[in-house]
Amino acid sequence: MKTLGRALNDETRINILYYLIQNGDTNVQTLVEHTQKSQTSISHHLRILTDSGLAKIQKQGRNHYYSISDKHVETILQILKDHFSE
């Protein structure tokens with residue numbers, strides 16, 4: 001649970017998760033362009049998201065594609081959004 005809390009405790013990681021929900025499999029370069037963060041920063045955030053189980057990685061040769069791990073991630077984000085909107 002500590003890992004999950006850490007993963008959800010950053011605006012960039014939340015932004016990445018929403019992007020993955022909306023766009024599906026995405027590579028690091030696309031997320032760099034979307035967030036305007038460095039490749040090193042995005043890779044760090046993705047590592048935290050994958051370690052927490054919120055995102056998964058699919059390797060295709062030299063390319064790595066990230067996506068949410070399952071539909072529960074979308075549910076978790078919606079619950080958090082609803083909770084903080086009250």
Side-chain angles (χ1 to χ4, degrees):
M1 191 65 151
K2 183 177 180 181
T3 306
L4 181 61
R6 178 176 182 223
L8 293 173
N9 191 24
D10 184 274
E11 185 177 338
T12 299
R13 289 191 285 274
I14 298 293
N15 187 3
I16 290 169
L17 288 172
Y18 276 119
Y19 188 88
L20 295 176
I21 287 168
Q22 294 172 352
N23 297 285
D25 292 353
T26 304
N27 64 24
V28 173
Q29 186 57 41
T30 301
L31 292 170
V32 166
E33 293 168 6
H34 170 71
T35 62
Q36 298 297 302
K37 305 281 184 184
S38 71
Q39 186 272 330
T40 303
S41 174
I42 293 303
S43 292
H44 171 74
H45 288 298
L46 287 167
R47 174 79 182 248
I48 292 170
L49 291 171
T50 56
D51 286 351
S52 70
L54 294 172
K56 62 183 177 180
I57 182 172
Q58 186 174 35
K59 298 177 183 179
Q60 295 177 355
R62 294 182 57 149
N63 297 315
H64 297 150
Y65 294 92
Y66 293 85
S67 59
I68 61 168
S69 57
D70 60 41
K71 290 291 184 187
H72 292 104
V73 175
E74 192 171 353
T75 302
I76 290 167
L77 289 176
Q78 187 60 51
I79 290 168
L80 288 172
K81 183 179 177 182
D82 293 346
H83 174 74
F84 288 108
S85 296
E86 292 179 355

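Numbers here simply count residues along the sequence, with the first being 1.
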Those residues that, when tested against Asp25, pass salt bridge (Lys or Arg N to Asp or Glu O under 4.0 Å) (two or more places apart) | none
Under 3.5 Å, side chain of Asn23 to main-chain N/O of Tyr19, donor-acceptor pair present?
-> yes
Rounded to the nearest 0.5 Å, how far apart are CZ of Arg62 and CD of Gln60?
-> 14.5 Å
Residue pair Thr30, Asn27: steps toward the side chain to side chain donor-acceptor pair (under 3.5 Å) verdict = CA-CA 6 Å; Thr30 301; Asn27 64 24; 2.7 Å; yes
Scan for salt bridge (Lys or Arg N to Asp or Glu O under 4.0 Å) pairs involving residues 34-57, sequence neighbours excluded, and state none if there are none.
-> Arg47-Asp51
With the side chain counted from C-beta on, respond yes when Val28 and Tyr65 share a heavy-atom pair under 4.5 Å apart, and no when they do not.
-> no
Tell me, do Leu54 and Leu17 make a side-chain contact under 4.5 Å, heavy atoms counted?
-> yes
Val32, Ile48: one ILVMFWY side-chain cluster at the under-4.5 Å cut-off?
-> no
For residues Lys81 and Tyr18, determine if any side-chain heavy atom of one lies less than 4.5 Å from a side-chain heavy atom of the other.
-> yes
OG1 of Thr35 to NE2 of His45, rounded to nearest 0.5 Å, is 8.0 Å
Contact check, side chains of Asn15 and Asp10, non-hydrogen atoms, under 4.5 Å | no
Partners passing side chain to side chain contact (heavy atoms under 4.5 Å, CB included) against Ser69 (at least two apart in sequence or in another chain) = Val73
How about Ile79 and Asp82: do any of their side-chain heavy atoms sit closer than 4.5 Å?
-> no
Where the side chain of Arg13 meets the backbone of Arg6, is there a donor-acceptor pair that is under 3.5 Å apart?
-> yes
Distance (rounded to the nearest 0.5 Å) between Ile21 CD1 and Ile16 CD1 | 12.0 Å
Can you tell me how far CG of Leu49 sits from CD1 of Ile14, rounded to the nearest 0.5 angstrom?
-> 8.0 Å
Does atom NE2 of His34 have more than 12 heavy-atom neighbours, drawn from other residues, nucleotides or ligands, at distances under 6.0 Å?
-> yes
How many angstroms lie between atom CD of Glu33 and atom OG1 of Thr26, to the nearest 0.5 angstrom?
-> 11.0 Å
Nearest 0.5 Å, what's the CD-CD distance between Gln29 and Gln39?
-> 8.0 Å
